[in-house]
Peer 1: 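Have a look at the structure that comes next, please.
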2 protein chains.
Amino acid sequence: MSEHTGQERGRRTRERLLEATLTCLVEHGFAATTMQRVQSTAGVSRGALVHHYASMDELLVGAVHHVAKRQLEALRRAATSLEEGSTGRAQRVRLLHSVMSGPLFLAGLELWMAARTNPSLHDALVPAERELGRQIAEALTVEGADRANLTHLELDELLITLRGLAITSVLRPDPRLERLAIERWLGARG
Amino acid sequence: MSEHTGQERGRRTRERLLEATLTCLVEHGFAATTMQRVQSTAGVSRGALVHHYASMDELLVGAVHHVAKRQLEALRRAATSLEEGSTGRAQRVRLLHSVMSGPLFLAGLELWMAARTNPSLHDALVPAERELGRQIAEALTVEGADRANLTHLELDELLITLRGLAITSVLRPDPRLERLAIERWLGARG
DNA sequence: CCGTAATCAGACCATTCGGTCGGTTTAAGG
DNA sequence: CCTTAAACCGACCGAATGGTCTGATTACGG
């Protein structure tokens, strides 16, 4: 049962490297996320890092997909409660909010900003984010509950608000304002 | 009349350096905004840069105040149309939106994100942003037009939406969605 | 006119960066 | 068992980084 196969070992190393990359992004920011910091955070040699990710760009692209994957996992795990018929839009919004905050989202935000001026990151992030959006929509939709499900447009609008909320909270955390903004969003659409 | 005085020369140099810093932030991002790039963009020697801003942190703190100043100038210039009694909330929102997009805001956004993990930048940005918010509120308020003026809370909420809009547009510019989000915000408060 | 302080110039420095490379270990297959 | 390839190691490299330092130039008060 103990998976000590060769390719499994490589897989684990890559996982540790990507996880370390997210940690660095969250704790030190994009500018201070260097290969040396990532390797020491992961507890991995330079050779190992460079073997799996030949350049910084490759590592960052890997991080993009990793963070998307992790966010989707988190959402799906949280969304199981939806299947049990329990109700409304408010719950969906709360679910999405939980994914659009916290360390995972912060790492994604750093990559998002960096992608603006980094072509290879940009080329990886845009389609990844598009796909993530699709998966999120799917995970939040319950067959038959047409009244509570969100349209694509509503989802886009909600994402905008949540992003604004997240980036605002980065420097000015204000739970009261957060709750209020979400309440208003819900209230505005009856 | 020609201001060739000594301290005026220094002031101009500082101005060019700060302007070059904003240019670098917008065109290359925070991570690639180095002292060398700033000095060559500004067309200034290393000695001059380091004379006015002894460290990178000092330069960035200077940039924070510069961008705040420039944003406020832009808003005030645009807000003159308000004084002439011309109406409503929609115009205020449009005004604010014009300040919360474009290169100037982008530079501020880079600094905002960087401030999360840079203490001295954080210490400079938080109070500066608070003050800017205050000044913005003032610039948008017209005495007597109580019905059209925005409350502090409404302003905070609007800023959240506009920030979300801005950061979304960084990677997925969608004028249609932008307009829609703003319309909804206006409509929701009748 | 002179001294002094601000401004500017650019050579220089230690450190860190991303990336290369030769060699070793480990696992898989014939 | 032996070959082969993937995984890993860490010394090494040139380039770029933020920052220091010595002098030159400029402006201005006395």
Side-chain angles (χ1 to χ4, degrees), chain A residues 1-21 24-25 27-64 110-111 114 117-121 124, chain B residues 1-21 24-25 27-64 110-111 114 117-121 124:
Chain A
M1 184 59 76
S2 56
E3 294 285 3
H4 279 214
T5 146
Q7 68 177 21
E8 174 65 13
R9 190 155 73 110
R11 210 194 55 79
R12 280 176 201 251
T13 301
R14 275 191 295 274
E15 177 88 9
R16 289 173 64 189
L17 284 169
L18 295 177
E19 212 61 38
T21 304
C24 287
L25 285 171
E27 295 188 349
H28 307 288
F30 179 86
T33 297
T34 68
M35 305 194 84
Q36 320 218 11
R37 225 199 272 265
V38 168
Q39 63 167 291
S40 74
T41 300
V44 154
S45 74
R46 180 51 155 253
L49 200 180
V50 99
H51 173 73
H52 292 288
Y53 300 98
S55 71
M56 188 76 208
D57 275 358
E58 277 190 28
L59 179 63
L60 293 172
V61 168
V64 162
E110 293 280 345
L111 291 170
T117 49
N118 180 327
S120 56
L121 206 50
Chain B
M1 183 58 78
S2 58
E3 293 285 4
H4 279 213
T5 145
Q7 68 177 23
E8 174 64 13
R9 190 154 75 109
R11 210 194 55 80
R12 280 177 202 249
T13 301
R14 276 191 294 273
E15 178 87 9
R16 289 173 66 190
L17 284 169
L18 295 177
E19 212 60 39
T21 304
C24 288
L25 284 171
E27 295 189 347
H28 307 289
F30 179 86
T33 297
T34 67
M35 305 193 84
Q36 320 216 12
R37 226 199 271 268
V38 168
Q39 64 167 290
S40 73
T41 299
V44 154
S45 73
R46 179 53 150 245
L49 200 181
V50 98
H51 172 72
H52 292 288
Y53 301 98
S55 70
M56 188 76 209
D57 275 359
E58 277 189 29
L59 178 62
L60 293 172
V61 168
V64 162
E110 294 280 346
L111 292 170
T117 49
N118 181 326
S120 56
L121 206 49

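To find a chain, count down the sequence lines: A is the first, B the second, and so on, and within it residues start at 1. Only heavy atoms go into these numbers, but all of them, side chains included; no hydrogens, no water, no symmetry mates.
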Peer 1: Could you identify which residues of residues 47-57 of chain A place a heavy atom less than 4.0 Å from some atom of DNA chain C, listed by residue number, or say none?
Peer 2: A:Val50, A:Ser55, A:Met56
Peer 1: Just verifying a value: how many Å separate B:Leu59 CG and B:Thr21 OG1, rounded to the nearest 0.5 Å?
Peer 2: 4.0 Å
Peer 1: When you match A:Gln7 and B:Thr13 each to their closest nucleotide on DNA chain C, which lands nearer the 5' end?
Peer 2: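 Closest to the 5' end, via its nearest nucleotide, is B:Thr13.
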Peer 1: Please examine the side chains of B:Phe30 and B:Leu60, heavy atoms only from C-beta on, and report whether any two atoms are closer than 4.5 Å.
Peer 2: yes
Peer 1: Does any pair with a residue in residues 44-64 of chain B pass side-chain hydrogen bond (donor to acceptor under 3.5 Å, both in side chains), and if so which ones, sequence neighbours excluded?
Peer 2: B:Arg14-B:His52, B:Asp57-B:Asn118, B:Asp57-B:Ser120
Peer 1: Contact between B:Thr34 and B:Val38 at the side-chain level, heavy atoms closer than 4.5 Å - yes or no?
Peer 2: no
Peer 1: Give a yes/no on whether any side-chain N or O of B:Thr34 is located under 4.0 angstrom from OP1 or OP2 of D:dT17.
Peer 2: yes
Peer 1: Rounded to the nearest angstrom, tell me the gap between atom CG in B:Leu17 and atom C1' in C:dC8.
Peer 2: 11 Å
Peer 1: Between P on D:dT22 and CZ on B:Arg46, what's the gap in Å once rounded to a whole number?
Peer 2: 17 Å
Peer 1: Quickly work out the A:Gln39 CD to C:dC17 C1' distance and round it to whole Å.
Peer 2: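 So the CD-C1' distance, A:Gln39 to C:dC17, works out to 12 Å.
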Peer 1: Rounded to whole angstroms, how far apart are CZ on A:Arg9 and P on D:dA7?
Peer 2: 9 Å
Peer 1: Take atom CZ of B:Arg11 and atom P of C:dC8, then tell me their distance rounded to the nearest Å.
Peer 2: 12 Å
Peer 1: Find out whether B:Met35 and B:Leu49 are in side-chain contact, i.e. whether some heavy atom of one side chain is under 4.5 Å from a heavy atom of the other.
Peer 2: yes
Peer 1: Quickly work out the A:His28 NE2 to C:dT16 P distance and round it to whole Å.
Peer 2: 15 Å
Peer 1: Nearest to the side chain of A:Met35, heavy atoms from C-beta on, is which of D:dG18, D:dG10, C:dG19?
Peer 2: C:dG19
Peer 1: Quickly work out the B:Glu8 CD to C:dA6 P distance and round it to whole Å.
Peer 2: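 Rounded to whole Å, this separation is 17 Å.
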Peer 1: Please pick, from C:dC8, C:dA28, C:dT16, the nucleotide with the shortest atom-to-atom distance to any side-chain atom of A:Gln36.
Peer 2: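 So the nucleotide nearest the side chain must be C:dT16.
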Peer 1: Kindly indicate, with the supporting measurements, whether the criterion side chain to side chain contact (heavy atoms under 4.5 Å, CB included) is fulfilled by A:Thr33 and A:Met56.
Peer 2: CA-CA 10 Å; A:Thr33 297; A:Met56 188 76 208; 4.3 Å; yes
Peer 1: Is B:Arg11 paired with B:Glu8 through a side-chain N to carboxylate O contact shorter than 4.0 Å?
Peer 2: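 A salt bridge links B:Glu8 with B:Arg11.
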